[in-house]
Amino acid sequence: MKHNVLIWGYFSTFVLLLGTIFMNLDFIAGKVLFLVGFFTFTLGYLIPLFLVIFRDSQENQIGLIIILAILGFFIFLMGITFFMVNWGGAMVLIYVGGSFLLLTSILMLFMWRRFYETSVDSWFPIILFAVFVVIGMLTSMVHRPVLRSFTINNQEDMVRMRSLKDINNHTYNELENICLNDSLLAPIMSRANIIVAKSDSILTYIDSLKRALIIYVEGKKMLQDSNILYNLVPIQSSVEINSVRRFMLGRKRQMAYQLHNKIDEYRIFLLNIDTTQSQWMMRFIESNLNTDVLKLNKRNYNRSWEKQQFYNFPLVTVISQLTRLQLSVSIVQSEMLNNYRRLSIEHIASRNEALEEK
């Protein structure tokens, strides 16, 4: 039996390694192979191996410790597997399994002489699998600093956006006072009103999109925190990417495609609203509201703007990306209002000079 168990150990380790490689290559079969390898390792190798050791160790009175080790390994490895494939409950399983393993380790220290007499000739696949788990954990745990950086970026962008909103309101009020009761400046004020309405509309749309995305991935309970769009810490630990991908890129919802169309419409509208705009203003609008596809190394991500922005990203990253788009809209709105205010002041100044010359 030990020979067959050892074969299953090496086979399942190979399947796990292959599944991990396929997941990194974004192949659909990656998660399937990973799960098959996990259950093969646990049911076909780990549990039978511990049963063999348990049967051979009755005289040493370490059977209870072996049972705790089996249970701890099974729960811990299931938590690791859930963590790798982005399923819920992973951290709870890891903590519970780790607690059992810690208890087992303490008991083994007290009874080390009895374990020293136990045959461990079939434990080598466990060493290989432990190395695999450690490497996987070290690689996966990188997500926390990355998500923290996106959380910080989101807060900084939100602060800048709120500041720009106050500045834009102040600029709009100044422009309104300048154009008040001046029929010659009425077209400028009319364009400013349309720009503000269009900008506020797309900003509100993106806000609603972020809230709907959080509800879809995390549930309505997250929106009980009215500050959730500013402080993303409550959702920072979520590495769920499948739900985010379905919401943004799924065929039923296609939110990323709708957002793309709205940004393009907004950019084209700003470029065409005033035929007298300078070249630098048009370049400024194009650069801030650009939706071109960037050239990346992987061809899979060169297909569309939607995939480059929202494919296989966790929730915090996508929320931060949407905030960045809102910031770009606010920056463009601010620059155009400032430009209209400057043009209005110059128009009044030139008209006063003409009157003085007469």
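Atoms CD1 and CD1, from I263 and I206 in turn, are 5.5 Å apart once rounded to the nearest 0.5 Å. Distance check, rounded to the nearest 0.5 Å: CG of N288 to CG of L325 gives 11.0 Å. Separating the CG atom in N338 from the OG1 atom in T171 is a distance of 4.5 Å, to the nearest 0.5 Å. For the atom pair CZ of F313 and CG of L249, the computed distance is 10.5 Å after rounding to the nearest 0.5 Å. One distance of note links CZ of R191 with OH of Y340; it measures 4.5 Å at 0.5 Å rounding. Going from atom OH of Y205 over to atom CG of L322 covers 9.5 Å, rounded to the nearest 0.5 Å.
The minimum heavy-atom distance between I75 and G97, with the atom names listed, is CG2-N, 3.5 Å. Contact between Q309 and Q321 at its shortest, heavy atoms only, is OE1-NE2, 2.9 Å. Closest of all the heavy-atom pairs between Q333 and S199 is OE1-CB, 3.5 Å.
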Next on the checklist: Checking E286 against L271 for the side-chain contact (heavy atoms from CB on, under 4.5 Å) test, could you report, in this order, the C-alpha distance in whole Å, the side-chain angles of both residues, the deciding distance, and whether it holds?
Outcome noted: CA-CA 8 Å; E286 286 281 3; L271 292 174; 3.1 Å; yes

Next on the checklist: Under the criterion ring pair (Phe, Tyr, Trp, His ring centres under 6.0 Å), I'd like the reasoning laid out for W305 against Y257: C-alpha separation, chi angles, the key distance, then a yes or no.
Outcome noted: CA-CA 9 Å; W305 176 86; Y257 305 99; 9.4 Å; no

Item to check | Candidate pair E174 and H170, rule side-chain contact (heavy atoms from CB on, under 4.5 Å), full reasoning | outcome: CA-CA 6 Å; E174 284 189 350; H170 180 71; 2.9 Å; yes

Next on the checklist: Under the criterion side-chain contact (heavy atoms from CB on, under 4.5 Å), I'd like the reasoning laid out for V244 against Y216: C-alpha separation, chi angles, the key distance, then a yes or no.
Outcome noted: CA-CA 8 Å; V244 178; Y216 186 83; over 6 Å; no

Checklist entry - What do the steps show when you test Y230 against Q155 for side-chain contact (heavy atoms from CB on, under 4.5 Å), and what is the final call? => result CA-CA 6 Å; Y230 173 77; Q155 286 200 12; 3.9 Å; yes

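Inspection of the H260 and D264 side chains reveals an N or O donor paired with an N or O acceptor under 3.5 Å. Side-chain atoms of D157 and Q326 include no donor-acceptor pair closer than 3.5 Å. For the residue pair S243/R246, the side-chain donor-acceptor check at 3.5 Å is satisfied. No hydrogens or angles considered: nothing links the side chains of K262 and S201 as a donor-acceptor pair under 3.5 Å.
Y172 OH: more than 12 foreign heavy atoms inside a 6.0 Å radius. Heavy atoms of other residues, nucleotides or ligands lying less than 6.0 angstrom from CZ of R342 number more than 12. Counting heavy atoms of neighbouring residues, nucleotides and ligands inside a 6.0 Å radius, atom CZ of F14 does not exceed 12 of them.
For S190 (side chain) and A186 (main-chain N/O), no donor-acceptor pair under 3.5 Å exists by modelled atom type. No donor-acceptor pair under 3.5 Å is formed between the side chain of S320 and the backbone N or O of V316.
Taking N153 as the reference, nothing meets the side-chain hydrogen bond (donor to acceptor under 3.5 Å, both in side chains) condition, with sequence neighbours excluded. In this view, Q279 satisfies the side-chain hydrogen bond (donor to acceptor under 3.5 Å, both in side chains) rule with no residue, not counting sequence neighbours.
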